[in-house]
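Working notes for the structure below.
In the text below, chain A, chain B and the rest are named by the order of the sequence lines, each starting its count at 1.
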Protein chains: 2
Amino acid sequence: MKKSIDQTIKKRSDCPISCSLDLVGDKWSLLIIRDMLYLGKTTYNEFLSSKETISTNILNDRLIQLTKDGFITFTGSAKRKKYELTKKGLDLKPVLESIALFGMKYSIADKEFLKHVKKTMKL
Amino acid sequence: MKKSIDQTIKKRSDCPISCSLDLVGDKWSLLIIRDMLYLGKTTYNEFLSSKETISTNILNDRLIQLTKDGFITFTGSAKRKKYELTKKGLDLKPVLESIALFGMKYSIADKEFLKHVKKTMKL
DNA sequence: AATTAAACTTGCAAAATGCAAGTTTTGTCA
DNA sequence: TGACAAAACTTGCATTTTGCAAGTTTAATT
């Protein structure tokens with residue numbers, strides 16, 4: 001039986017932050033959006049080729065879910081499917097940007113702090 | 001045996017976005033940060049009381065992990081532990097803000113679009 | 001029609017999360 | 001002090017999500 005595709009994502013609360021995370025706060029969705037936004041990727045195989053190595057079943061699930069939730073659409077029926085961001089998907093750009101900025105600021109991990117914490121707490 | 005707490009989070013790649021998500025891209029971390037940033041929460045039980053109902057073991061794990069990763073610290077040894085954001089934690093504010101903006105923009109879910117998609121795709 | 005490669009599925013293992021019920025710790029106060 | 005209560009934390013097990021490897025289906029191309 002086809003895995004119930006009609007499942008509505010369950011909202012944990014009405015908080016806008018929580019709601020957003022319920023939609024794209026999984027392990028892969030934002031990376032797919034990143035691929036489309038910054039790397040111009042449009043196809044299944046292009047997404048597959050990203051260095052983070054998503055697996056095929058997950059990629060498939062996410063593409064379906066992102067489509068259902070209105071972040072992306074596609075043209076060209078099966079084989080040569082081309083995905084593109086909707087307005088809603090494009091509206092995630094500020095989110096990705098702020099995440100990227102944060103990531104760049106802290107990319108050289110603070111090993112010093114880690115060492116400190118390990119001493120301080122009884123980990 | 002105490003669950004290996006020394007596990008270093010595995011980076012999927014060197015992409016700043018990917019790295020950030022590897023740190024706080026789980027289901028709960030950003031909601032805890034939100035609670036501290038916007039609701040002034042500081043204690044275990046305050047976090048527990050949030051409407052999204054995190055469970056105790058997860059909360060505990062996240063607090064430890066966020067501490068290890070330098071997003072939060074605490075004062076006051078066990079009982080009356082008070083958590084607070086570090087500089088690094090505070091630097092997530094732009095991220096939460098952009099997420100919140102997005103969430104508010106789309107809070108009234110596009111049921112119309114959903115209906116459309118359901119017809120279009122053979123879901 | 002046969003080939004091929006992109007798109008998608010399946011089955012099972014591992015990891016993360018959810019839930020309910022505990023136990024430990026430490027401030028409070030009789 | 002020492003019993004008590006409440007905060008902090010643990011444990012065990014069910015469920016869900018993700019990871020991995022190997023498939024099958026589908027549609028362009030020849």
N-O pairing of A:R34 and A:E97 below 4.0 Å: no
Using a strict cut-off of less than 4.0 Å between a Lys/Arg side-chain nitrogen and an Asp/Glu carboxylate oxygen, indicate whether A:K10 and A:D22 qualify as a salt bridge. no
Which pairs pass ring pair (Phe, Tyr, Trp, His ring centres under 6.0 Å) with one or both residues in residues 13-41 of chain B, sequence neighbours excluded? none
In terms of side-chain heavy atoms of A:R62, which of C:dT9, D:dT18, D:dA7 is nearest? D:dT18
With sequence neighbours excluded, residues passing ring pair (Phe, Tyr, Trp, His ring centres under 6.0 Å) with B:F102: A:F71, B:Y106
Do B:L37 and B:L92 pass the side-chain contact (heavy atoms from CB on, under 4.5 Å) test, and can you show the C-alpha distance, the side-chain angles, and the key distance before you say yes or no? CA-CA 9 Å; B:L37 214 40; B:L92 283 173; 5.6 Å; no
State whether B:R62 and B:D26 are salt-bridged, where the test is any N-O pair (Lys NZ or Arg NE/NH1/NH2 against Asp/Glu carboxylate O) under 4.0 Å. yes
So which of residues 36-57 of chain A are in contact with DNA chain D, with a heavy-atom cut-off of under 4.0 Å? A:S55, A:T56, A:N57
Considering residues at least two apart in sequence or located in another chain, which fulfil the side-chain contact (heavy atoms from CB on, under 4.5 Å) criterion with B:K41? B:D35, B:L39, B:E46, B:F47, B:S49, B:S50
Among the candidates D:dT17, D:dG19, C:dT17, find the nucleotide nearest to the side-chain atoms of A:I58. D:dG19
Bend angle of the helix from C:dA1-D:dT30 to C:dA30-D:dT1 from five-pair axes at both ends, rounded to 10°? 20°
Please list, in numerical order, the residues of residues 14-34 of chain B that have a heavy atom closer than 4.0 Å to any atom of DNA chain D. none
